[in-house]
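Below is one structure, written out as structure tokens; comments come after it.
Each chain gets a letter, A, B and so on, in the order its sequence line appears, and its residues count up from 1. What you are looking at is a predicted structure, and each value in this text was computed from that prediction instead of being measured.
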Amino acid sequence: MRFSQLFAPTLREVSADVELASHRLLLRAGYIRQLAAGVYTFMPLGWRVLNNVSDIIREEMDRAGAQELLMPAIHPQELWAESGREATMHDVLLGFKDRKGGQFYLGPTHEEVITDLVRRGVRSYRDLPLNLYQIQMKFRDEPRPRGGLIRAREFLMKDAYSFDRDEAGLDATYNAMYDTYVRIFQRCGLPITAVDASGGAIGGKETKEFMLLADAGEDSILLCPKCGYAANQEIADFRLIVATPAEEPQPMAKVDTPDAHTVQQVCDFLHTMPERLVKTLIYMADGKPVAALIRGDRELNEGRFRVLLGAARLEMATPEQIQQYTGGPVGFSGPVGLTIPMYGDEELRGMVNFVAGANAGDTHLVNVNWTDVQGNITWARLRFAVAGDVCEKCGEPFIERKGVELGHIFKLRYAISEPLQATFTDEEGAEKLIIMGCYGIGVSRILAAVAEVSHDDDGLIWPTSIAPYHVHLIVANAGDEVQRGLAEDVYSRLRDAGIEVLYDDRAERAGIKFKDADLIGVPLQIVVGKVAGEGRMEFRERATKQAEMLHVDEIVQHVRARLA
RNA sequence: CGGGGCGUGGCGCAGCUUGGCAGCGCGUCUGGUUUGGGACCAGAAGGUCGGAGGUUCAAAUCCUCUCGCCCCGACCA
């Protein structure tokens with residue numbers, strides 16, 4: 001490709017509020033342009049990288065026996081109603097009505113469509129197993145798109161869905177996908193950490209997320225430096241260490257705490273610390289009120305709480321509901337005198353003389369002890385693990401890191417096949433539900449992820465496997481006949497050898513071309529300049545900036561050796 | 001959803017507090033000098049100041065509404 005014909009408008013500067021390095025550099029180097037919040041164009045360079053990533057994914061998926069297809073992005077509302085996910089995923093669904101008034105959604109994911117397809121096409125155990133995938137734009141109305149391609153509303157995704165006869169079949173497919181994912185990320189040059197994760201709204205335990213550890217990430221990951229255990233904070237197990245109380249219980253007392261409805265306000269007012277306070281959160285679990293008790297400085301793990309309750313829906317109570325069930329306003333709830341079911345975080349059992357709400361306006365209780373609480377409390381692990389908590393397996397303190405989720409493999413089991421009644425007939429003639437798995441990769445997010453981990457002050461640095469071109473050839477002075485002639489010669493020799501080369505033939509000053517080359521980040525650079533008369537040129541590596549002089553006759557061989 | 005910020009030639013920004021001919025840098029075009037790390041000189045083109053309404057002799061500037069974008073936080077009591 002001749003740079004003079006390439007549509008890659010590079011930018012010297014971008015808006016000051018573009019913060020992430022990946023976002024800024026992809027914009028500056030002309031890979032992407034934003035059209036609307038979380039909606040981007042992939043320009044020729046960006047699209048080439050995306051296609052290289054897609055090719056790697058295809059090769060590895062096909063190797064694992066999966067088959068590619070392409071499903072519609074437009075989904076009839078009825079299908080989403082049938083699976084029950086129109087309600088649970090309502091907030092992220094983007095859609096429209098057609099001229100007859102029919103409601104459609106733009107696919108945020110394709111379990112419904114693929115399961116509908118398979119239930120119509122699969123009758124017998126002889127038709128299984130199946131593993132079908134596609135690479136396609138997904139549409140999600142993210143409440144807050146951010147960080148460029150890291151969280152977009154329209155993004156390219158590889159999604160695969162497996163259909164097996166039984167658990168053993170699903171296990172085999174799941175394990176094969178795990179290995180496939182490891183290979184894919186490795187080939188993209190991404191250091192990935194596979195972590196235990198939660199199945200989100202669908203539930204289920206066997207699921208792994210493939211995370212890039214980076215500050216730009218939105219998920220919190222807990223890592224054990226000793227045994228290698230790694231998990232999303234949503235699910236991380238930890239060993240509880242309860243300090244034995246050194247204080248004698250004091251008599252409970254009521255105190256006025258006007259206008260103090262947050263933990264911090266109460267602490268400021270009473271001159272105490274959040275860890276001396278029991279916070280009482282009122283939730284509605286499938287319509288019934290429950291209370292979660294947690295230390296003032298901790299965060300409730302809602303997912304864990306929901307699973308503990310066995311509830312399908314869990315939401316915070318409204319101020320009106322809190323008044324109704326606790327007798328007090330928001331911000332003054334406490335375990336003393338509460339009559340709704342209470343669930344306490346295990347960590348609280350060792351607390352003495354703590355502070356809690358009095359279930360009355362502008363009032364808290366001090367020196368509360370568990371003997372003051374009449375109702376029954378179910379003790380359980382309710383809070384999130386944090387850095388410093390110790391590993392369940394080996395007792396080593398966790399390290400906490402941010403992670404960007406690039407892939408997710410997940411045993412769906414019957415979560416979709418049951419509501420959609422996707423069944424098959426087994427050897428004995430019995431009708432059984434198909435057991436499913438799903439496996440996603442954020443393809444466009446990989447573009448950002450690689451940019452995030454692989455760049456320097458001058459620009460991007462692509463790994464050869466997904467770089468838009470292999471070689472960036474520059475003619476320092478395009479007006480010089482000798483230089484020009486040699487550059488053209490090198491250009492055709494490289495192309496004849498099947499090497500993808502971006503040839504900067506523009507009549508620009510050399511400095512501009514060097515800057516653009518470093519920005520764009522093609523891994524190998526060749527500069528034809530002053531010594532062109534001797535048939536020699538500079539060969540250099542973008543990542544290290546190391547350069548050597550080579551003769552035109554050895555250039556193809558040399559490039560090949562570097563690409564191998 | 002809550003809070004904050006920003007919308008001004010293609011891009012990045014100043015001007016707004018205190019209303020009075022719309023500016024700067026980059027880019028673009030023309031001519032010349034340059035030519036290995038985002039050159040220099042001279043000249044030129046290019047903007048209904050996001051949109052609507054209002055106040056005023058006069059609005060980019062003040063007021064109201066609205067749309068868009070960015071950031072922080074999201075029912076944490």
Side-chain angles (χ1 to χ4, degrees), chain A residues 9-20 23-24 27-30 33-39 91 141-148 151 153 218 257 259-267 274 277-284 291-302 305 314-319 321-323 325-326 328-335 345 355-359 361-364 382-384 457-459 474-480 483-484 504 506-519 525 527-532 537-538 540 545 547:
Chain A
T10 57
L11 267 18
R12 194 177 296 211
E13 50 194 359
V14 293
S15 172
D17 50 39
V18 174
E19 289 176 346
L20 286 185
H23 190 195
R24 193 176 64 244
L27 241 22
R28 283 194 57 208
R33 282 295 182 269
Q34 182 175 348
L35 179 64
V39 179
D91 291 348
D141 195 2
E142 292 290 348
R144 189 181 151 203
R146 61 182 116 184
R151 179 181 279 202
R153 293 196 294 175
E218 299 185 87
T257 50
D259 267 342
H261 34 256
T262 68
V263 168
Q264 198 51 54
Q265 285 165 346
V266 172
C267 289
L277 192 140
V278 168
K279 146 170 107 169
T280 304
L281 278 36
I282 311 300
Y283 276 85
M284 301 303 290
L293 310 177
I294 197 140
R295 214 170 79 179
D297 59 329
R298 303 298 196 188
E299 268 190 276
L300 176 72
N301 185 334
E302 277 189 24
F305 190 37
L314 180 70
E315 50 208 4
M316 299 214 86
T318 63
Q321 288 168 329
I322 290 174
Q323 185 72 46
Y325 295 118
T326 72
V330 172
F332 299 93
S333 303
D345 187 65
V355 176
N359 298 316
D362 294 340
T363 316
H364 277 77
L382 293 180
R383 70 168 171 91
F384 281 115
D457 290 345
D458 294 320
I474 290 172
V475 54
N477 183 353
D480 181 302
Q483 289 186 25
R484 177 110 208 172
D504 196 342
R506 294 175 300 169
E508 293 286 355
R509 299 168 61 83
I512 289 178
K513 296 197 247 193
F514 295 150
K515 288 289 186 190
D516 275 344
D518 287 349
L519 226 205
Q525 302 177 345
V527 183
V528 174
K530 282 172 179 161
V531 289
M537 65 207 68
E538 195 176 318
R540 57 192 184 191
K545 307 235 167 166

In Watson-Crick or G-U wobble terms, with both distances under 3.5 Å, the base opposite rG20(B) is rC57(B)
Pairing donors with acceptors under 3.5 angstrom, does anything connect the side chains of Thr257(A) and Asp362(A)? no
Considering only atom C1', compute the distance from rU56(B) to rC63(B) and round it to an integer number of Å. 12 Å
Counting the atoms with a prime plus P, OP1 and OP2 as sugar-phosphate, which does Lys530(A) contact under 4.0 Å by heavy atoms, base, sugar-phosphate, or nothing? base
Which part of the nucleic acid, if any, lies within reach of Thr318(A) when heavy atoms closer than 4.0 Å are counted: base, sugar-phosphate only, or nothing? nothing
Residue pair Arg153(A)/Tyr283(A) against RNA chain B: nearer the 5' end by closest nucleotide is Arg153(A)
With P as the reference atom in both, quote the distance from rU61(B) to rG3(B) in angstrom, rounded to an integer. 24 Å
Classify the nucleic acid contact of Gly147(A) as base, sugar-phosphate or nothing, counting any heavy atom under 4.0 Å across all strands shown. sugar-phosphate
Between rG38(B), rC71(B), rC76(B), which nucleotide gets closest to the side-chain atoms of Glu299(A)? rC76(B)
Taking only the C1' atom of each, what is the distance from rG51(B) to rC67(B) in whole angstrom? 7 Å
For a quick check of understanding: with a heavy-atom distance under 4.0 Å over all strands, which category does Glu315(A) fall into, base, sugar-phosphate or nothing? nothing
If you take atom types as modelled and just measure distance, does the side chain of Asp518(A) reach the base of rG37(B) with a donor-acceptor pair under 3.5 Å? yes
How many Å lie between CG on Leu293(A) and P on rC76(B), as a whole number? 17 Å
Value in whole Å for how far the C1' atom of rG37(B) lies from CD of Gln525(A): 11 Å
Side-chain donor/acceptor of Thr318(A) to backbone N/O of Gln321(A), under 3.5 Å: yes
Any salt bridge between Glu142(A) and Arg151(A), counting N to O under 4.0 Å? yes
Whole-Å P distance, rA74(B) and rU18(B): 37 Å
Strictly below 4.0 Å, N to O, side chains only: are Asp345(A) and Arg295(A) in salt-bridge contact? no
At 4.0 Å (heavy atoms only), tell me whether Asp480(A) reaches a base, stays on the sugar-phosphate, or touches nothing. nothing
Listed nucleotide nearest any side-chain atom of Met316(A), set rC75(B), rG37(B), rC26(B): rC75(B)
Any heavy-atom pair between the side chains of Lys513(A) and Val475(A) that's under 4.5 Å? yes
Hey, does Ile282(A) reach any base, or is it just sugar-phosphate, or nothing, if we go heavy atoms under 4.0 Å? base
Have a look at Pro143(A) and say if it touches a base, only the backbone sugar-phosphate, or nothing, with a 4.0 Å heavy-atom cut-off. base
Sugar-phosphate only, base, or nothing, as touched by Ile322(A) at under 4.0 Å among non-hydrogen atoms: base
How about Leu300(A) and Tyr283(A): do any of their side-chain heavy atoms sit closer than 4.5 Å? yes
Looking across every strand, which nucleic acid part, if any, lies under 4.0 Å from Val263(A) by heavy atom: base, sugar-phosphate, or nothing? sugar-phosphate
Does rC70(B) have its OP1 or OP2 closer than 4.0 Å to a side-chain nitrogen or oxygen of Gln34(A)? yes
Just checking Arg540(A): base, sugar-phosphate only, or nothing, at a heavy-atom cut-off of under 4.0 Å? base
Distance check: side-chain N/O of Arg298(A) vs OP1/OP2 of rC76(B), anything under 4.0 Å? no
Check whether any side-chain nitrogen or oxygen of Arg509(A) sits under 4.0 Å from OP1 or OP2 of rA39(B), and answer yes or no. yes
Scoring nucleotides 8-16 of chain B by protein non-hydrogen atoms under 4.0 Å (B base, S sugar-phosphate only, - none) yields ---SSS---
Same-atom distance (C1') from rC29(B) to rU64(B), integer angstrom: 43 Å
Taking any heavy-atom pair under 4.0 Å as a contact, classify Arg295(A): base, sugar-phosphate, or nothing. nothing
Judged by nearest nucleotide, the residue sitting upstream toward the 5' end of RNA chain B, Pro329(A) or Ile512(A), is Ile512(A)
Which part of the nucleic acid does Glu538(A) contact within heavy-atom distance under 4.0 Å: base, sugar-phosphate only, or nothing? base
Is a side-chain donor or acceptor of Asn301(A) paired with a backbone partner of Leu382(A) at a separation under 3.5 angstrom? no
May I ask you to decide whether Glu299(A) forms a salt bridge with Arg383(A), counting only side-chain N to carboxylate O separations under 4.0 Å? no
Checking all strands, does Ala37(A) fall into the base, sugar-phosphate, or nothing category for heavy-atom contacts under 4.0 angstrom? sugar-phosphate
Salt bridge or not between Asp297(A) and Lys279(A)? Use side-chain N to carboxylate O under 4.0 Å. no
Over how many whole Å does the gap from Glu508(A) atom CD to rG37(B) atom P extend? 14 Å
